[in-house]
Each structure stands twice: as structure tokens, then as C-alpha cells.
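Notes follow once the structure below has been shown.
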Amino acid sequence: MKRLKGLAFFYASLVSILIGLGAGLFLTVTSELINLVWSRPVLSRPIWMLALAVIFGLIIGVLQAKIGQYPKTIKQILAEFKASGKVESQSWKTWINGAVILASGASVGPEASMTGIIARQSSWLGQKLTNFVTDADLAGASFWQQNQGFFKAKSEADQPLKSVFASQKRQKAAYAIWIALGIVAFICWLKVFPESKVFGISWKAVNWTWQGLALSPVALVIGLLFGYFFLKMKQAGAWLSKKIKSSVLKGALGGLLLGIFGIFSTYFLWSGAFTMWKLVKEAAVLGPVLLLFLAFGKAILTNLGFGLGWRGGTIFPAIFCSVSLGIAFALVLPWSQNLLVAIITAASVSLIVGRPKLVTVLLIFLFTLRLAPVILAVCWLCEQLLNTKWLLDKLQ
């Protein structure tokens with residue numbers, strides 16, 4: 001039995017590495033597809049851009065009709081796992097739909113697709129390990145037979161993976177090792193096939209002024225109001241999805257919407273994760289009016305597009321919109337600009353994502369570490385607000 005469990009640990013470690021490499025592969029493939037599709041000649045010709053977006057919309061509509069509404073949102077995946085203890089969504093469907101949607105220039109991020117792929121493969125691994133370890137015929141079998149046993153097709157496990165561990169301490173240790181192996185594999189992939197960096201560790205100075213500190217409560221309220229607007233657009237997208245029955249029509253309308261917004265500015269294309277720093281550099285040239293247009297326009301495009309079948313993650317678009325809004329505010333009132341942008345972004349994204357602790361970690365590595373206490377305070381305050389019944393009723 002000890003040898004069987006040792007083999008189970010070995011195969012789980014190997015599969016965890018493969019899952020991490022698979023996540024890296026998905027990110028690289030979608031990035032290369034974006035670069036291939038949205039070349040300079042296309043971006044410089046509005047008619048080409050509009051036509052390409054509509055064509056992609058038709059393809060997305062057909063895929064949504066034939067394959068299903070993939071990728072699932074992170075919230076849907078967590079709800080599925082909580083209800084059944086496993087994730088049944090097929091990863092190949094997420095791969096195809098997610099890759100096509102991201103390649104089409106949709107204003108969504110890859111986090112939903114990657115979460116769906118990783119969750120499904122991890123769930124499959126858990127089922128496989130449980131069946132493998134609890135198979136009575138394999139306990140006294142030879143080493144070769146035990147190896148073959150892992151690859152045999154079997155029915156769903158009757159019990160969760162955690163039940164096969166001798167103790168909770170061993171379970172947590174095994175999970176920690178497998179997760180670490182997956183993360184290391186993912187990082188190694190990105191070292192070989194690097195992507196533009198969004199997050200990092202920075203110790204950039206903050207220009208603290210009394211005017212900036214005095215405007216902090218105003219920035220907090222602006223961030224919360226924008227977060228509320230973003231969520232209302234999400235509700236509008238859901239309403240639109242129910243009203244229009246044809247998946248192909250929805251996809252085409254989503255493409256038309258993306259193409260029209262893209263003609264005004266290419267900042268509306270993609271999630272905004274890799275164009276945000278360019279936006280920061282060009283902010284003074286763009287001016288507060290255009291920055292406000294980008295913030296509100298991208299919030300509308302992301303959520304209506306999602307309702308029309310252009311599905312994906314909304315965390316990065318939410319960050320982009322909030323940063324754009326924050327910079328517009330800071331240009332008009334130029335005191336402690338990075339402080340005001342951080343407060344607006346932290347408040348807005350905390351409300352939109354609904355997980356202030358996660359937002360805290362993301363934004364600390366987005367802004368300078370010197371602003372960490374401010375981000376922590378704003379996200380903590382947002383968490384308290386999210387726990388109040390009146391706000392929950394408003395957001396539903």
C-alpha cells in the first residue's frame with residue numbers, strides 16, 4: 001500500500017507540472033494569436049478592424065451555440081465545485097472558446113479561461129488519484145500492474161480525494177507541494193516564453209501632500225461609485241443576454257460593438273493588462289476627457305460584450321478602467337497623483353470583484369509598495385461595506 005501511495009504522489013506531482021505548463025501554453029498561444037490577428041495594417045484601417053471584429057463575432061456565436069457558454073466565470077466554477085466537490089466543465093471547450101475570444105480582441109482577460117482549464121484538470125486528477133489509491137485490486141499488485149492501473153479509465157470516484165489521506169496535515173502538505181510544482185512550472189514556462197509584465201515589486205516614491213490626503217475620501221467615493229456603475233453594466237449585459245436568444249446574432253452584435261469602440265481607440269481592444277502602462281505614459285497627452293471616455297466606454301464594452309457571448313475574465317478590464325478613471329481625476333487635481341489613483345482603483349476593483357483580499361494582493365504589486373498601507377486600508381473598508389446588507393441588496 002505504501003508503494004501505491006508513493007506512485008500516486010509521483011503521478012500527481014508530474015500531472016501538476018503538466019497543468020502548470022499547460023496554463024503557460026494557453027497564455028502564450030493566445031498572446032501569439034492576438035499579435036498575429038491584430039497586426040499594424042489591421043489596426044490602422046478602421047474598416048478592416050470592424051469587419052474582422054464582426055467575422056470573429058459570428059465565429060464566437062457559432063462556438064457558443066455548438067460547444068456551450070465557455071469559458072465559465074470564476075464564480076461559476078467555484079459554485080460548481082462547492083455544490084458537487086468537482087468541476088465537470090470540459091477543459092477543451094474552455095481552450096477553444098477562450099482562445100478564439102481572446103484572439104478576437106475581446107475586452108476580457110485570460111484569467112477565467114485559465115481558471116476553468118486548471119480547475120477541470122485538477123478535478124480530473126483528484127478523481128483519478130482517489131480511484132487509484134482506493135482500488136483494492138492494486139494494493140497487492142506488482143509494480144508494473146500498479147503503474148498500468150493509474151492510466152486505466154475508471155468511473156467517477158465515490159469519495160473526495162481528501163478522504164484517502166491518513167491525516168489533514170499530510171493532505172495540506174501534499175496539496176501545497178502539488179500547487180507549488182504547478183506554479184514553478186508556469187513560471188518556468190514564462191521564463192522561456194516571456195510575456196509583458198503587468199505586476200512587479202516597486203519601491204517608487206509617493207509625493208505625499210496635504211491636499212492629496214484631504215482628497216482621499218473623495219477619491220474613495222469616486223472609486224465606489226464607478227465600481228457600482230461597472231456592476232450595473234454587468235447586470236445590463238446579463239439582461240441583454242436573456243433578451244437575445246440567437247447565439248450567432250449575439251456574437252455578431254458583440255463584434256460590431258467591439259469594432260465601433262475599437263475605431264475610436266485601440267485601448268478598447270483586449271483586456272487592458274498589457275496596454276495599461278502605455279496608457280499611463282500617454283495620459284498627459286490623452287487628457288482627462290478621453291481618459292474618462294476610456295474608463296466608462298471600456299466598462300460598457302466589457303460587460304455588454306460578455307452578455308453577447310464574448311466571455312472571459314473581467315478583473316483586468318476592471319483594473320484598466322479604474323486606473324484610467326483615477327488618472328483622469330489626478331490630472332484635474334494634481335496632488336499626490338499616485339495616491340489618488342491607487343485609492344480609486346482599490347475601491348472600484350474591490351467592489352467589482354467582490355474579493356477585497358485578492359484585490360489587495362494584486363494592487364500592491366501593481367502600485368508601489370509604499371502605498372501598501374493605503375491599499376490595505378481601502379480594501380479593508382470595502383470588505384466591511386460589502387458585508388453590509390443594504391449594499392448587498394443594492395448590488396443584486
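- Side-chain contact between F367 and T345 is present, with at least one heavy-atom pair separated by less than 4.5 Å.
- Ring orientation note: the planes of F229 and F296 are nearly perpendicular, at an angle over 60° on the 30°/60° scale.
- When all heavy atoms are compared, the tightest approach of I74 to A112 is CG1-CA, 4.3 Å.
- For K72 and Y70, the positive end sits near the middle of the six-membered ring, less than 6.0 Å away and at most 45° from its axis.
- Atom CH2 of W208 sits in a crowded spot, with more than 12 heavy atoms from other residues, nucleotides or ligands closer than 6.0 Å.
- The side-chain heavy atoms of F193 and E32, taken from C-beta on, include no pair separated by under 4.5 Å.
- The two residues S13 and W178 make their nearest non-hydrogen contact at OG-NE1, 3.3 Å.
- Across F186 and G24, no two heavy atoms sit closer than the pair CD1-N, 3.5 Å.
- The structure places CG of L215 at 11.5 Å from CD of Q337, a figure rounded to the nearest 0.5 Å.
- Counting non-hydrogen atoms of other residues, nucleotides and ligands closer than 6.0 Å to CH2 of W335 gives a total above 12.
- Taking each heavy atom of L366 and M276 in turn, the nearest pair found is CD1-CE, 3.5 Å.
- The closest donor-acceptor contact from the side chain of K250 to the backbone of G61 lies at 3.5 Å or more, if one exists at all.
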Working for side-chain contact (heavy atoms from CB on, under 4.5 Å), residues F26 and T94: CA-CA 10 Å; F26 178 81; T94 303; over 6 Å; no

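- Enclosure of atom NZ in K234 is not indicated, since only 12 or fewer non-hydrogen atoms of other residues, nucleotides or ligands lie within 6.0 angstrom.
- Heavy-atom minimum distance, I59 versus V100: CG2-CG1, 4.1 Å.
- The OG atom of S216 sits 6.0 Å away from the CG atom of L340 when rounded to the nearest 0.5 Å.
- The residue from P356, C382, C321, S322 that alone fulfils the side-chain contact (heavy atoms from CB on, under 4.5 Å) condition with V349 is S322.
- The distance between the ring centers of F274 and F316 does not fall below 6.0 angstrom.
- Using a 4.5 Å heavy-atom threshold, the side chains of S348 and L325 count as separate.
- In this structure, I60 and W310 have side chains that are in contact, with non-hydrogen atoms separated by less than 4.5 Å.
- Nearest heavy atoms, I327 versus L291: CG2-CD1, 3.7 Å.
- The structure places NZ of K93 at 10.5 Å from CZ of R120, a figure rounded to the nearest 0.5 Å.
- Judged by distance alone, the side chain of S39 and the main-chain N or O of L36 form no donor-acceptor pair under 3.5 Å.
- Side chains of T302 and F306 form no contact here, defined as non-hydrogen atoms less than 4.5 Å apart.
- Atom CD1 of residue I101 and atom CD1 of residue I96 lie 11.5 Å apart, to the nearest 0.5 angstrom.
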Side chain to side chain donor-acceptor pair (under 3.5 Å) assessment of T28 paired with W189: CA-CA 9 Å; T28 300; W189 178 279; 2.7 Å; yes

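- When the side chains of ILVMFWY residues are joined at heavy-atom separations under 4.5 Å, either directly or via intervening members, I344 and F320 end up in a single hydrophobic cluster.
- With rounding to the nearest 0.5 Å, the separation of OG in S350 from CG in L224 is 8.5 Å.
- How far CG of L102 is from CG of L33: 9.0 Å, rounded to the nearest 0.5 Å.
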